[in-house]
Amino acid sequence: MNIPDTLNDGQRKAVEFDGEHLLVLAGAGTGKTKTIIARAAYLIQSGIDPSKIQILTFTKKAANEIVERVKATLPQSDGNSLSGATFHSWCNQLIVRFPNLFGAAAYTVIDPDDQLSIMKMVCGNQNLDFGKLRIKPQQLIDIYSLARNTKKSLTESLRIKLFKNKKDADTDYEISTIKPHVENILRAYQLKKGEQRYLDYDDLLLVVSTQLRTNPEARNILSQHLDYLLVDEMQDTNPLQWDLLDPFVSICKLFCVGDDAQSIYSFRGADFKNVHLFKERVPDSEVYKLEKNYRSTQEILDISNWLLEKSPINYNKKLQSIRGSGELPRLVNVSDEWQEANWVADEILNNFTHQDRTFSDHLVLARSQYYSKSLQAVFIRRKIPYVTYGGRKFMQAAHIKDLVSLLRIVNNPYDEIAWIRFLTFQEGVGEVRASRILQQVIENVEKDDIPNILQNAMPGEDGSKIAKLYESIKSKSDVGEMVDTAYEAMSLGLAFRYRRDWNEKRRGDFPVLKLLAKSYPTLGEFIGEGLLDNSENMNGMNVLSESKLNTAENKDHVIISTIHSAKGLEADVCIVLNVSPKAFPSAWSLDNLAEIEEDRRVLYVAMTRAKNRLILTRNTSSISAVHQRALPTNMDSKTDDADTYFLNDLPDNLVEQLIVEHKFGKVNDAASPNKIDLSSGMDFS
DNA sequence: AAGTCAGTGCTTTTT
DNA sequence: GCACTGACTT
């Protein structure tokens with residue numbers, strides 16, 4: 001056995017665990033991923049059929065990485081049938097693979113954009129105005145999703161999402177007035193989803209978990225296909241995901257890893273009870289702990305530990321570095337975003353030219369996607385290659401969705417969103433005509449074939465052209481060819497519609513789309529899983545495009561990521577942007593202890609990504625212009641950020657402080673779209 | 001009825 | 001930067 005040689009005692013004990021179910025509590029940098037990889041490899045080497053091991057993670061990226069690394073440790077093709085997936089894509093696979101069991105095979109998976117479109121359709125011109133409270137369609141989606149993910153009542157979900165979980169007579173009354181209206185709309189939304197054969201992300205989990213809990217036959221069948229379930233990031237699972245995992249306690253053996261101090265998804269319903277109650281809820285289970293940190297130097301862990309100790313929550317955790325001492329973390333004080341961005345660029349370029357570091361040794365973390373926009377502008381101008389993690393996904397880009405809408409129609413003729421998108425794509429067809437055509441399609445789709453309906457609904461050349469196109473795609477068996485056929489028919493229209501940046505940005509995405517499509521055996525799987533594929537996005541502007549699947553791997557680039565997308569990542573140099581008052585904790589969280597503590601964990605996750613050098617930047621002009629504008633209106637009150645700012649009483653000996661002088665020239669206007677907004681120079685104190 | 005363009009407001013975090 | 005709106009043109 002070659003892998004376990006590099007494991008420490010704790011890791012080895014977990015990897016070679018011989019009992020039924022195990023939870024591994026693993027602090028940041030203690031080799032969580034390594035342990036799960038070694039566990040999979042160990043099981044395979046002990047003779048377990050790799051196809052009976054399922055690895056579950058939260059992102060596709062993490063799943064792929066784990067599977068690849070397991071394979072790398074095994075001789076030749078031993079691990080080829082090992083499967084790693086996100087909870088969502090795994091459920092999708094199960095639904096496709098066992099159509100009779102789950103009865104949802106002919107459905108189309110819809111993404112958040114589609115959900116919003118449906119919700120808007122359902123709301124129509126109905127305004128949800130309740131005095132000062134106006135509920136937007138997106139909020140309705142959020143409420144609906146929270147209720148289903150946490151198994152909470154509508155009343156409680158409304159309370160959490162609209163009233164910050166406040167409990168008093170006034171709030172109770174308001175909720176009771178609002179609730180019936182919301183309920184009506186949500187019911188209409190559910191109905192519409194059903195009619196159009198849609199499954200949203202939550203439905204994927206729900207369909208599978210409901211079936212497994214209520215149907216012994218389903219458990220029976222799955223137990224023949226599964227021996228081990230390995231779950232990563234257990235602290236981020238929510239009650240719905242627990243419902244999904246629970247039946248597997250009697251189907252196979254669970255091996256879960258997680259860290260309560262890194263739980264940062266409660267806005268999505270994550271509940272670290274799933275970690276804390278593991279031993280009580282799972283019979284024949286054990287809990288092991290990993291506490292030795294291999295990633296970071298002690299100085300980096302000191303400040304991370306300090307942050308966690310300040311919390312009212314007791315995490316009972318103090319990371320100890322086995323690597324020993326290194327550089328003191330730096331706290332860099334800047335006075336605006338552009339100065340910050342330029343300082344970061346200087347640091348990286350300096351490390352690159354004088355310190356023998358590559359660009360990919362650097363990880364830049366921001367709280368939100370929005371915040372790194374000015375940094376990206378500076379990187380482009382100063383020619384620092386980068387990729388972004390988190391953010392708009394490839395499949396969500398408008399031009400891709402246009403083409404995919406045609407494929408979706410072929411896949412599921414009940415898919416109204418796809419029909420509307422495809423029909424309005426045709427020249428001379430707007431919303432009104434599209435709805436009329438759609439009407440006819442929906443009325444006849446049961447008894448007639450689509451090409452016929454189309455020709456009736458759109459007399460003349462247009463109709464027959466589309467009808468022919470439909471037939472031609474339908475006749476193809478290879479998904480890549482379907483993309484080709486669709487592209488051939490639509491490329492002129494696409495080029496015109498996106499003429500502004502067609503050649504520069506969009507055109508190159510279609511070969512990538514084809515490549516992606518070719519890797520799926522059926523159209524249904526491509527549409528479902530392709531949507532769920534959280535691949536790195538293509539709007540990193542200066543890298544990627546066609547290169548994604550071949551060359552991107554060996555390119556040297558800085559990674560810019562949201563902290564949420566950075567879980568599991570690590571880097572030699574880690575730079576955390578804007579660790580300023582009103583950002584950590586966020587001004588949005590100020591009157592809610594649970595949210596403040598989640599923000600603390602977010603910062604903790606960010607800090608513990610660093611191996612050798614940790615740099616925190618903060619804006620000393622107290623509050624950035626961005627936040628000024630977006631602040632909630634009732635912010636003026638009680639909570640002084642001086643009380644809550646995480647770095648407030650940071651001991652001097654934990655960091656080295658730097659104050660950046662105003663030495664950088666102004667950024668060129670062309671490269672900095674937000675410049676005027678952001679550096680207005682106004683003092684609002 | 002559709003398409004275009006300029007002006008406006010808004011942005012936590014993700015499958 | 002993005003989505004949405006309203007006024008204008010085709």
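Each chain gets a letter, A, B and so on, in the order its sequence line appears, and its residues count up from 1.
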**Asked** Is there a donor-acceptor contact under 3.5 Å linking the side chains of A:Asp203 and A:Tyr107?
**Response** no

**Request:** Measure from the side chain of A:Val432, starting at C-beta and using heavy atoms only, and say which of B:dA1, C:dC4, B:dT13 lies closest.
**Result:** B:dA1

**Asked** If you check the A:Thr59 side chain, which of B:dT13, B:dA1, B:dT15 turns out closest?
**Response** B:dT15

**Asked** Any side-chain donor paired with an acceptor under 3.5 Å for A:Thr237 and A:Asn274?
**Response** yes

**Nearest-neighbour nucleotide for the A:His564 side chain, B:dT4, B:dT11, B:dT14 considered** = B:dT14

**Which nucleotide in B:dT13, B:dT15, B:dT14 has an atom nearest any side-chain atom of A:Tyr265** = B:dT14

**Prompt:** According to a strict under-4.0 Å criterion, is A:Arg499 in side-chain N/O contact with OP1 or OP2 of B:dT4?
**Reply:** yes

**Whole-Å gap separating C1' (B:dT12) and CZ (A:Arg268)** = 14 Å

**Asked** Taking for each residue the nucleotide of DNA chain B bearing the nearest heavy atom, is the 5' side occupied by A:Thr86 or by A:Gly430?
**Response** A:Gly430

**Message:** Expressed as a whole number of angstroms, how long is the span from A:Lys567:NZ to B:dT12:C1'?
**Reply:** 15 Å

**Request:** Provide, to the nearest angstrom, the distance between the CD1 atom belonging to A:Ile563 and the P atom belonging to B:dT12.
**Result:** 15 Å

**Prompt:** Does a side chain donor of either A:Gln190 or A:Tyr144 reach within less than 3.5 Å of an acceptor in the other side chain?
**Reply:** yes

**Prompt:** Just checking, is any N or O donor in the side chain of A:Asn149 or A:Asp202 under 3.5 Å from an acceptor N or O on the other one?
**Reply:** yes

**Message:** What's the closest nucleotide to the side chain of A:Ser565 if the choices are B:dA2, B:dT14, B:dT15?
**Reply:** B:dT14

**Message:** If you compare every side-chain N and O of A:Lys136 against the phosphate oxygens of B:dC10 (OP1, OP2), does one of them come in below 4.0 Å?
**Reply:** no

**Prompt:** Could you state the CD1-C1' distance from A:Ile141 to B:dT15, rounded to the nearest angstrom?
**Reply:** 14 Å

**Prompt:** Atom CD of A:Gln139 to atom P of B:dC10: distance rounded to whole Å?
**Reply:** 13 Å

**Prompt:** Out of B:dA1, B:dT14, B:dT15, which nucleotide sits closest to the side chain of A:Gln369?
**Reply:** B:dT14

**Item:** Atom pair distance, as rounded to whole Å: CD in A:Glu595 and P in B:dT12
**Value:** 12 Å

**Fill in**
Per atom distances to the A:Arg436 side chain, the nearest of B:dT13, B:dT15, B:dA1 is B:dA1

**Request:** Could you check A:Arg433 against A:Val602 and say which one's nearest nucleotide on DNA chain B is further toward the 5' end?
**Result:** A:Arg433

**Complete:** A:Leu116 CG to B:dT14 P, in whole Å, measures 17 Å

**Request:** Mind telling me whether A:Tyr201 and A:His88 have parallel, tilted or perpendicular rings, with 30° and 60° as the class edges?
**Result:** tilted

**Prompt:** Roughly how many Å is it from CD1 in A:Ile264 to C1' in B:dT13, rounded to a whole number?
**Reply:** 8 Å

